[in-house]
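Input: one structure, supplied below.
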Protein chains: 2
Amino acid sequence: MARFNFQGEPPTEEKEDVCSLTLAQNVIAGRWKIIILWYLSRRTRRFNELQRLLPGISKGILTRQLRELEEDGMVHREVYKQVPPKVEYSLTQQGKSFIPVLNTMGEWGKKYMEIKQNE
Amino acid sequence: MARFNFQGEPPTEEKEDVCSLTLAQNVIAGRWKIIILWYLSRRTRRFNELQRLLPGISKGILTRQLRELEEDGMVHREVYKQVPPKVEYSLTQQGKSFIPVLNTMGEWGKKYMEIKQNE
DNA sequence: CGGGATCCCAAACGATACTG
DNA sequence: CAGTATCGTTTGGGATCCCG
């Protein structure tokens, strides 16, 4: 059954899509977040490990991106009370549910790279 | 056959993933780009139409985001030489190949929204 | 109608020094 | 080791005005 929209008013379904995409956009906004999520999708990582994996990132900004991902419920932070300190970062259930997005995005990126190289 | 990596050196495969994800990150970086791509995925849109769909965006910034998407080969800009001017934006083939990412991201966002509401 | 040009501001990023 | 605190810089977004 066709759906009519007077004056091009957007249907509710579209609004929902826009809303959820905006939400996703907010969560992954940040220069390093997608890559951080991807590294954590492979295994748990320590702070220093992440810093080594992310070339050129400073401790301050890495801390902030991780804190924001934590606030958004994507990342779990496990502190081991010992000296020297040890902190491990991993994906929460919600963070893990984001992995399909990373995969789709990665596949797209690969094709995109090939095309760019053949230009 | 197992793969050995001395001192945790990342395998080539991982580097490729990181590289392609970084590429994707660069393309979608920008507050409105994901939403713009999504609106264009549904149909061709005129400039003013996009501005109405994106609440609060100014002409200047909308122009810039569209130009960047154009430079990245995601969006096609069709100018009709007439008065008053008419410009239509649509997805290129490469832009269309990004739709699966938008879909996956949208699905994730919907689940994420439900969870947040039940908290 | 679809911009371009300019200015301004806030946020994001980054470098450095210090700390338990 | 894993931060915090501070500061400086850069980038991006937004507002405004002008134009063909």
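Treat the numbers as computed from the prediction; the structure is a model and nothing was measured. Scope of the values below: all heavy atoms of this structure, side chains included, with no hydrogens, waters or symmetry mates. In what follows, chains are A, B, ... by sequence order, proteins preceding strands, each numbered from 1.
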> Mind checking whether B:Cys19 and A:Met113 have side chains closer than 4.5 Å, heavy atoms only?
Replying inline: yes
Do any N or O atoms of the protein come closer than 3.5 Å to N or O atoms of nucleotides 2-6 of chain D, and which pairs are they?
{"residue": "D:dA2", "atom": "OP1", "partner": "A:Arg46", "partner atom": "NE", "Å": "2.9"}
{"residue": "D:dA2", "atom": "OP1", "partner": "A:Arg46", "partner atom": "NH2", "Å": "3.2"}
{"residue": "D:dA2", "atom": "OP1", "partner": "A:Val87", "partner atom": "N", "Å": "3.2"}
{"residue": "D:dA2", "atom": "OP2", "partner": "A:Asn48", "partner atom": "N", "Å": "2.9"}
{"residue": "D:dA2", "atom": "N7", "partner": "A:Lys59", "partner atom": "NZ", "Å": "2.9"}
{"residue": "D:dG3", "atom": "OP1", "partner": "A:Arg67", "partner atom": "NH2", "Å": "3.3"}
{"residue": "D:dG3", "atom": "OP1", "partner": "A:Arg77", "partner atom": "NE", "Å": "3.1"}
{"residue": "D:dG3", "atom": "OP1", "partner": "A:Arg77", "partner atom": "NH2", "Å": "2.5"}
{"residue": "D:dG3", "atom": "OP2", "partner": "A:Tyr89", "partner atom": "OH", "Å": "2.6"}

> Rounded to the nearest Å, what distance is computed from the CG atom of residue B:Leu62 to the P atom of nucleotide D:dG14?
Replying inline: 11 Å
> Of all of residues 25-34 of chain B, which get a heavy atom below 4.0 angstrom from DNA chain C, listed by number?
Replying inline: none
> Can you find a pair of side-chain heavy atoms, one from A:Ile57 and one from A:Gln51, that are under 4.5 Å apart?
Replying inline: yes
> How is A:Glu68 classified with respect to the nucleic acid when contacts are heavy atoms under 4.0 Å: base, sugar-phosphate, or nothing?
Replying inline: nothing
> First contact, last contact: which nucleotides of DNA chain C are these for chain B, 5' to 3', heavy-atom distance under 4.0 Å?
Replying inline: C:dC1 to C:dG4
>> Can a donor-acceptor pair be found, under 3.5 Å and without considering hydrogens, that links the side chain of A:Thr92 to the backbone of A:Gly73?
In response: yes
> Can you tell if the side chain of B:Val27 reaches within under 4.5 Å of the side chain of B:Phe98, non-hydrogen atoms only?
Replying inline: no
> Would you call B:Arg64 and B:Ile61 a side-chain contact if the rule is heavy atoms closer than 4.5 Å?
Replying inline: yes
Side-chain polar contacts of residues 29-38 of chain B - donor-acceptor pairs under 3.5 angstrom, sequence neighbours left out - could you list them?
{"residue": "B:Lys33", "atom": "NZ", "partner": "B:Ala29", "partner atom": "O", "Å": "3.1"}
{"residue": "B:Lys33", "atom": "NZ", "partner": "B:Glu68", "partner atom": "OE1", "Å": "2.6"}

> A:Ile61 CD1 to D:dT11 C1': how many Å, rounded?
Replying inline: 13 Å
> Got a second to check how far A:Leu102's CG is from A:Glu107's CD, nearest 0.5 Å?
Replying inline: 11.5 Å
>> Contact between A:Tyr89 and A:Thr44 at the side-chain level, heavy atoms closer than 4.5 Å - yes or no?
In response: no
>> Is any side-chain heavy atom of B:Ile28 closer than 4.5 Å to one of A:Ile28?
In response: yes
> Within the distance-only criterion (no hydrogens, no angle test), does the side chain of A:Arg45 pair as donor or acceptor with the backbone N or O of A:Ser90 below 3.5 angstrom?
Replying inline: no
>> What's the angle between the local helix axes at either end of the helix from C:dC1-D:dG20 to C:dG20-D:dC1, using five pairs per end and rounding to 10 degrees?
In response: 50°
> Within this structure, what is the NZ-to-C1' distance between B:Lys81 and D:dG20, rounded to whole angstrom?
Replying inline: 14 Å
> So, do B:Arg77 and B:Arg67 sit near enough that their side-chain heavy atoms are less than 4.5 Å apart?
Replying inline: yes
> Does some side-chain heavy atom of B:Asp72 sit less than 4.5 Å from a side-chain heavy atom of B:Asn26?
Replying inline: no
>> Checking A:Lys86 now: which residues fulfil side chain to side chain contact (heavy atoms under 4.5 Å, CB included) with it, not counting sequence neighbours?
In response: A:Arg46, A:Tyr80, A:Gln82, A:Glu88
